[in-house]
Student: 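Have a look at the structure that comes next, please.
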Number of protein chains: 2
Amino acid sequence: MAKTSTQSDVAQRAGVSTATVSRVLNGSNLVRDDVRKRVEEAMAELNYIPDESARSLATRKSRTLGAIIPTLNNAIFAVGINALEQAARERGYTLVISISNYDPDSELMLVRQMLERGVDGLMLVGNHHHDEVYRLLNASAVRHVCGWSHNNNAPSPNIGFDNARAMHAVVDHLVDLGHQKIGVLAGICQNNDRATLRLDGTRQRLEHHGLDLPKQSIIQIAYSIRAARAALPDLLKSDVSAVICGNDVIAYGAVFAAQDAGLRISENLAITGFDNLSLSKELRPSITTVNVPAADMGSTIANYLVDAIESNQPVASCKFETDLLVRETTIGSTHKMI
Amino acid sequence: MAKTSTQSDVAQRAGVSTATVSRVLNGSNLVRDDVRKRVEEAMAELNYIPDESARSLATRKSRTLGAIIPTLNNAIFAVGINALEQAARERGYTLVISISNYDPDSELMLVRQMLERGVDGLMLVGNHHHDEVYRLLNASAVRHVCGWSHNNNAPSPNIGFDNARAMHAVVDHLVDLGHQKIGVLAGICQNNDRATLRLDGTRQRLEHHGLDLPKQSIIQIAYSIRAARAALPDLLKSDVSAVICGNDVIAYGAVFAAQDAGLRISENLAITGFDNLSLSKELRPSITTVNVPAADMGSTIANYLVDAIESNQPVASCKFETDLLVRETTIGSTHKMI
DNA sequence: AATAGCAATGTAAGCGCATACAATTCTTGC
DNA sequence: GCAAGAATTGTATGCGCTTACATTGCTATT
């Protein structure tokens, strides 16, 4: 950390007390204009930079928000965090991030670090966390919220969407189109409530339509094109006419694999994604997918956290709606596909 | 911030002084084992969580790294930051990020905030910054490094690659294939030295081959598929046989636009990208592109920054090599394209 | 058995800031 | 021109921690 001038240097230079300097710094309105001006000049001349840690120690607030996410190598988290940071800063808060790599034990360690660091508010992703995480958070009085999921009986405030419910529209759409044998390329469900709920929601809705989802019609894979591309042939063995993918990246892999196999997409095989990445609209065939308001969610998380911190109340929950975007991978197109 | 137990609570409970508690906390080896154990028990019983801001204030170190990036909505930055965070944490440092939205004035404000916050090290992207940024940084003695670019006469240490030089291989490849009229879909160069250098490098290398790059063969656009798709037709008016794109996302847009126009990619129109996003290999046609070691760069930035902080020396620079990956958008393929 | 020498622990002084409270200066009404 | 009150500024304490230095307890050497 740099050796810089301190408040008392400024005070001395401006011929006032440190209290007055502090008041100028914090925009108190009980400083006479000429004095304020003098202090501000002294600050500028000395290149004075206030010390946040001293300030945090004195005020017991850090004006810092923490976010612990599984990865940034996923566009949806990256976009959400981008929006979260912007909104946080507009409110005068700084963002600290950490990556858990989808590991609950790592996440616990990170939560502890965030608490040490003294964040005023903390965001986690999803509702599946180590018990100790909940214990720590509840004991600490640091505001927290779980994003990307919404569940009325979640143990923590939620700002997100209903991952299970989101799949209903997808299933309904495919069933409407006459599909009876439907397979799933799910994300890896272990320790991931979003992936789990999407699979559960799919199964539930299929049952609601009187359709079965046999074990061999479900494959769990990493969120990567390569993994999806490799997995599709296995799924095709169970003779499905439609594949529901855990997200858009998986859907891309499925599309490429289907093309490799010489299938006509939507005619021979319908494919759906999740997230509505910007590519999904542009690709040919364009991807039928579920739109998720990642940026909105991110900024809402920041704003609700700050609201909660400043009003000294628990974070308000917020449910976002998702919507199905029907595109070429399910309803065919005029474009020729291999 | 939470009201938690303090070091002196622990000291009292364990029947020792706060100094001993502090020593246990910092792993000093001059505490007797039985005393250490007693203190650790007291910590656990009281759910003691050390206060980082007090610690920072006392030690004059924050064990925090800052990163100011243009956006997270770009996979390459997201991946780099992901790696940076992981490496930083392995070294015991926390990452604070801020988004500048490619705006130098915002960036200046963020640098100032980072300095207030007391980061021990700071990463910026590229070598184009507000003069005041350099002044502040040099005055502050906070270690800093500029990533994603490498230039021997840069005013700051650099950990990145030579954006201009990287284009030489692209141009050489296209010229080798016989292309004479080459167009460029560049990123927006204003305030972006990476985009500028890629364009400059392209022009230089074309000249080296005796080829001209007329104004109407260059279009600057945002890094988005949509913008690229919209811009390609304009470029085609100048009758180019190859298009060099500022990054892979732009290349995707160009590919889609070419397909829309009924062109045979690589035969009628060659296209190149930059970044080697994971999609680029999978897409048909696959994208000829420049591979950038984003994750390596991110972790190197973290490690070099921490090295510099802990050794009290300037950050060492590091030059990464890029390499051309020749794929279907330039050398044709057995796949049929529309 | 006395003591030098070291190991383990305690004491106390800040780190830079905010803020309660005290002291001072300025208004205003008369 | 004076007092009461408002406006402004100063004084001094403490936030929770680290650490230089002082002190105590122990071991080993003679």
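From a predicted model like this one, the values you see are computed outputs, not experimental measurements. Each chain gets a letter, A, B and so on, in the order its sequence line appears, and its residues count up from 1.
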Student: Counting only non-hydrogen atoms, which of residues 30-45 of chain B are less than 4.0 Å from DNA chain C?
Tutor: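 B:Leu30, B:Val31, B:Arg32, B:Val35, in order of number.
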Student: If I take atom CG in residue A:Leu25 and atom P in nucleotide C:dG16, what distance separates them, rounded to the nearest angstrom?
Tutor: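 The answer, rounded to whole Å, is 15 Å.
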Student: Output the rounded distance in Å from CG (B:Asn29) to P (C:dC6).
Tutor: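 To the nearest whole Å, that distance equals 16 Å.
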Student: Just by distance, no angles: are the side chains of A:Asp51 and A:Ser53 close enough, under 3.5 Å, to form a donor-acceptor pair?
Tutor: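 A donor-acceptor contact under 3.5 Å links the two side chains.
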Student: I need the CG-P distance between B:Leu57 and C:dA13, as an integer number of Å.
Tutor: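 Computing the B:Leu57:CG to C:dA13:P distance gives 17 Å.
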Student: Is a donor from one side chain sitting under 3.5 angstrom from an acceptor on the other, for A:Asp193 and A:Asn163?
Tutor: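 No, no side-chain donor-acceptor pair sits under 3.5 Å.
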Student: Rounded to the nearest Å, what distance is computed from the CD atom of residue B:Gln12 to the C1' atom of nucleotide C:dG10?
Tutor: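 The answer, rounded to whole Å, is 15 Å.
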Student: Judged by modelled atom types alone, do B:Ser56 and B:Arg63 share a side-chain donor-acceptor pair under 3.5 Å?
Tutor: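 Note: B:Ser56 and B:Arg63 side chains miss the donor-acceptor criterion.
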Student: Report the distance from atom CD of A:Gln7 to atom C1' of C:dC15, rounded to the nearest whole Å.
Tutor: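 It is 13 Å, rounded to the nearest whole Å.
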Student: Kindly say whether, by distance alone, the side chain of B:Arg23 makes a donor-acceptor pair under 3.5 Å with the base of C:dG10?
Tutor: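 Present.
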Student: Is it true that A:Asn191 and A:His128 share a donor-acceptor pair across their side chains at a distance under 3.5 Å?
Tutor: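 The criterion, which ignores hydrogens and geometry beyond distance, is satisfied for A:Asn191 and A:His128.
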Student: Anything under 4.0 Å to a heavy atom of chain B counts; send over the first and last such nucleotide of DNA chain D, read 5' to 3'.
Tutor: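 Span of nucleotides near chain B: D:dG16 to D:dA20.
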Student: For A:Gln86 and A:Ser299, does a side-chain donor sit closer than 3.5 Å to a side-chain acceptor?
Tutor: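 No donor-acceptor contact under 3.5 Å links the two side chains.
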Student: Start with the C-alpha gap between B:Lys37 and B:Glu40, add the side-chain angles, then the distance that decides, and say whether salt bridge (Lys or Arg N to Asp or Glu O under 4.0 Å) holds.
Tutor: CA-CA 5 Å; B:Lys37 189 145 167 272; B:Glu40 279 166 353; over 6 Å; no
Student: Once you round it to whole Å, what is the distance between P of C:dC17 and CZ of A:Arg60?
Tutor: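 Nearest whole value for this atom pair: 17 Å.
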Student: Could you verify whether a donor N or O on one side chain and an acceptor N or O on the other, from B:Arg23 and B:Asn29, lie under 3.5 Å apart?
Tutor: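 B:Asn29 and B:Arg23 do not have a side-chain donor-acceptor pair below 3.5 Å.
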Student: In this structure, is the centre-to-centre distance between the rings of A:His129 and A:Tyr134 below 6.0 Å?
Tutor: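 So the answer is yes for these two rings.
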Student: Considering all heavy atoms of both residues, which atom of B:His130 and which atom of B:Asp105 are nearest to each other, and what is their separation?
Tutor: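 B:His130 and B:Asp105 have their closest heavy atoms at CD2-OD1, 3.4 Å.
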Student: Does anything in residues 14-22 of chain A come within less than 4.0 Å of DNA chain C? Heavy atoms only, and list the residues if so.
Tutor: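 Here the set is A:Ala19, A:Ser22.
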Student: Is the B:Phe77 to B:Trp148 ring centre distance short of 6.0 Å?
Tutor: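 Distance test on ring centres: under 6.0 Å, yes.
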Student: Charged N to carboxylate O below 4.0 Å: is that the case for A:Arg13 and A:Glu41?
Tutor: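 Looking at A:Arg13 and A:Glu41, the cut-off is not met.
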